[in-house]
Amino acid sequence: MPLSDYEQRILEDIERRLAEDDPRLADQVARTSLYSHLARRVRRATLAFIAGLAMLALFFVSIWIALIGFAVMLTSALVVYRDLKRIGQDQLRSMSREGRTLPGFLARLTSRFRGERPPAE
């Protein structure tokens with residue numbers, strides 16, 4: 001939904017004030033995208049998963065360390081899954097905005113997951 005002229009002016013005013021008050025923050029926000037933020041989170045969660053696996057390997061030392069390691073692995077796997085899903089959805093949205101279509105195989109998979117009937121061939 002596009003912004004009205006009034007809302008656009010307010011947004012530009014906020015951006016201008018932010019650039020004046022804290023130029024470093026404004027530059028960092030301008031450089032950071034959703035993709036880079038989520039990719040950073042996926043890398044961190046992958047490292048946490050590996051750390052949890054190492055903790056799980058210490059099962060013979062203490063059962064509590066192993067249980068904590070399992071919880072770390074489970075949590076980090078869920079974070080990776082959620083963030084990769086968001087990256088994929090964002091890429092699909094950008095492809096549809098650009099007017100590009102999905103390759104045949106991905107289009108059929110997408111229609112199956114959405115519960116749509118595949119086109120008759």
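Please read these numbers as outputs of a predicted model, since none were measured by experiment.
Closest non-hydrogen pair, Met55 versus Ile65, comes out as O-CG2, 3.6 Å. Residues Val79 and Ala45 approach most closely at CG1-CB, 3.9 Å, considering heavy atoms.
In this structure, Glu12 does not pair ionically with Arg16, as no charged nitrogen and carboxylate oxygen lie closer than 4.0 Å. Ion pairing between a basic and an acidic side chain is recognised when a charged N comes within 4.0 Å of a carboxylate O; Asp13 and Arg9 show no such pairing. The residues Asp27 and Arg24 are annotated as not salt-bridged, no charged nitrogen and carboxylate oxygen being separated by less than 4.0 angstrom.
Taking CD1 of Ile63 as the reference point, atom CG of Leu58 lies at 11.5 Å (rounded to 0.5 Å). One finds the NE2 atom of His37 at 10.0 Å from the CD1 atom of Ile87 (value rounded to the nearest 0.5 Å). With values rounded to the nearest 0.5 angstrom, Leu56 atom CG is found 5.5 Å from Met73 atom CE. One distance of note links CD1 of Ile10 with OG of Ser4; it measures 7.5 Å at 0.5 Å rounding. Atoms CZ and CG, from Phe49 and Leu78 in turn, are 10.5 Å apart once rounded to the nearest 0.5 Å.
Hydrophobic clustering of Ile, Leu, Val, Met, Phe, Trp and Tyr side chains at less than 4.5 Å, counting indirect connections, unites Phe60 with Trp64. In the hydrophobic clustering of ILVMFWY residues, with side-chain heavy atoms under 4.5 Å counting as a link, Leu74 and Ile68 come out apart.
Other residues, nucleotides and ligands contribute at most 12 non-hydrogen atoms within 6.0 Å of the CZ atom of Arg86. Asp5 CG: 12 or fewer foreign heavy atoms inside a 6.0 Å radius.
Side chain of Thr75 to backbone of Val72: no donor-acceptor contact under 3.5 angstrom is found.
Applying the side chain to side chain contact (heavy atoms under 4.5 Å, CB included) test to Ala26 and every residue at least two apart in sequence or in another chain returns Leu18, Ala19. The salt bridge (Lys or Arg N to Asp or Glu O under 4.0 Å) search around Asp22 returns none, not counting sequence neighbours.
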